[in-house]
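Presented below is the structure to which this report refers.
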Amino acid sequence: MATASPPPPPLLRVENLSKVFGGVTALNGVGFEVYPGEVVGLIGPNGAGKTTLFNVISGLLPPSGGTIAFCGRSIGGLRPDEICALGAVRTFQSASLLSGMTVWDNVHVASLFRPAERARTESAAACTRRALAFCGLEDCRDEIAETLSIGDQKRVEIARAMATGPKLLMTDEILAGLNAADSEGILQMLQGLKREGISIIFVEHDVRSVMRISDRVVVIAQGRKLAEGEPDAVARMPEVISVYLGGRYAQGV
Ligand SMILES: Nc1ncnc2c1ncn2[C@@H]1O[C@H](COP(=O)(O)OP(=O)(O)OP(=O)(O)O)[C@@H](O)[C@H]1O
């Protein structure tokens, strides 16, 4: 009789994670996993703790408690550059482009943080060219990044993240402020990254986009995990409808 092969180990495992700011508990015992090549949508109301979760996973803030393992290694409390060099990278709600620098330089600087194993096989310039081509930015490589349209600035954000050679990309409201055409372009780019085997945690208030590209959805509210499951199942959960989605999403309005 054939035996089922065991599931792959998770790329990211977050267990019992907490983050306290003075009297505010922003994260309270949060746990979830991300598997290789998976897109995990992370949704929840304003102030739920989504950005704080990214800040802690990416090393911008130390956790108050709990564990974070990436590729089987504990990363809680490491510096952002150390976590980036291991292959976990994030984007910011507001584009964090380097002021006064061209698109090429913005992406090239990011490529210097790619993991050592990638650096052995691909030069920083080759890595930069590949990221620019993937994101459709070759024609504006010599322009000052912050003078581009908001849609193109978001592309540069993704190119910068891609140039670090990530295994995991965390995007924080990357669609905010974009028109429909730019949003569609970014969603297709994220789906392209998934096809390259990159896992994504997708924080977004545009729930339809989350449900469209996510393999699994995690819902947090008031710093706690409220629900988790496949997009359709999560969209039908009464507690998720009550706390975040409301009736309009379920009715397709
Ligand atoms: N540096 C900080 N100091 C104090 N409180 C903070 C800090 N950062 C976040 N918080 C608080 O932690 C809670 C979670 O905030 P967070 O920004 O992570 O939520 P969010 O889910 O990302 O919200 P949004 O969808 O509005 O971006 C909020 O109550 C917020 O005010």
Side-chain angles (χ1 to χ4, degrees), residues 12-34 39-68 70 75-81 83-84 88-97 150-151 153-154 157-158 161 168-178 182-183 186-187 190 199-214 216-229 231 234-235 237 239-246 248-249:
L12 178 77
R13 172 171 279 153
V14 173
E15 283 181 297
N16 203 22
L17 192 67
S18 65
K19 180 66 192 174
V20 176
F21 299 106
V24 177
T25 300
L27 297 173
N28 191 349
V30 172
F32 66 98
E33 279 104 37
V34 178
V39 178
V40 174
L42 179 64
I43 59 174
N46 291 110
K50 305 180 294 294
T51 296
T52 302
L53 186 56
F54 275 7
N55 286 343
V56 174
I57 295 172
S58 63
L60 218 57
L61 294 173
S64 304
T67 59
I68 309 165
F70 182 69
I75 60 165
L78 292 188
R79 293 194 315 264
D81 61 301
I83 293 172
C84 182
V89 68
R90 54 89 60 87
T91 67
F92 290 84
Q93 270 182 34
S94 319
S96 61
L97 303 177
I150 175 93
Q153 288 190 35
K154 298 281 178 105
E157 277 275 292
I158 292 184
L168 173 68
L169 169 63
M170 297 171 271
T171 62
D172 196 355
E173 298 190 31
I174 192 87
L175 304 182
L178 298 188
D182 285 339
S183 289
I186 298 283
L187 287 173
L190 295 179
S199 302
I200 297 171
I201 309 179
F202 184 57
V203 163
E204 193 55 62
H205 282 295
D206 177 359
V207 176
R208 278 176 218 294
S209 297
V210 175
M211 297 304 184
R212 177 175 141 201
I213 72 162
S214 300
R216 208 151 46 79
V217 174
V218 172
V219 187
I220 62 173
Q222 296 186 323
R224 292 178 183 274
K225 186 167 81 174
L226 179 72
E228 178 174 6
V234 166
M237 291 178 184
E239 65 273 32
V240 178
I241 292 171
S242 155
V243 168
Y244 184 55
L245 293 180
R248 289 166 62 88
Y249 179 78

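Every number for a ligand or one of its atoms is a count from 1 in the order of the listing.
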Counting only N and O atoms by type, is there a donor-acceptor contact under 3.5 Å from the side chain of Ser64 to the main-chain atoms of Val20?
yes
Out of the candidates Thr52, Leu27, Asn28, Thr67, only one should pair with Leu17 under the side chain to side chain contact (heavy atoms under 4.5 Å, CB included) rule; please name it.
Leu27
What protein heavy atom sits nearest atom 27 (O) of ligand 1, and how far off is it?
Gln93 NE2, 3.2 Å
Distance from atom 17 (O) of ligand 1 to nearest protein heavy atom, with residue and atom
Thr51 CB, 3.9 Å
Ignoring hydrogens, what is the shortest heavy-atom contact between Val56 and Pro63? Give both atom names and the distance.
CG1-CB, 3.7 Å
Just to check, does Lys19 reach to within less than 4.0 Å of ligand 1 when the distance is taken from its heavy atoms?
no
Quick one: nearest non-hydrogen protein atom to atom 23 (O) of ligand 1, plus distance?
Gly47 N, 2.8 Å
Measuring from atom 12 (O) of ligand 1, which candidate in Ala26, Gly49, Gly44 has the nearest non-hydrogen atom?
Ala26
For the student: nearest non-hydrogen atoms of Ser209 and Leu187, plus distance
OG-CD1, 3.5 Å
Ignoring hydrogens, just give me the one of Ile43, Val24, Ile220, Asp172 whose non-hydrogen atom is nearest atom 11 (C) of ligand 1.
Val24
I need the nearest protein heavy-atom contact for atom 26 (O) of ligand 1: residue, atom name and distance, please.
Asn46 ND2, 2.8 Å
Has the side chain of Glu228 got a donor or acceptor atom that lies under 3.5 Å from a matching backbone atom of Arg216?
no
Tell me, please: is Gly22 in heavy-atom contact with ligand 1, that is, under 4.0 Å?
no
I need the nearest protein heavy-atom contact for atom 1 (N) of ligand 1: residue, atom name and distance, please.
Phe21 CE2, 3.6 Å
To the nearest 0.1 Å, how far is atom 15 (O) of ligand 1 from its closest protein heavy atom, and which atom is that?
Thr52 OG1, 3.8 Å
Examine distances only and state if a side-chain atom of Arg90 and a backbone atom of Ile57 form a donor-acceptor pair shorter than 3.5 Å.
no
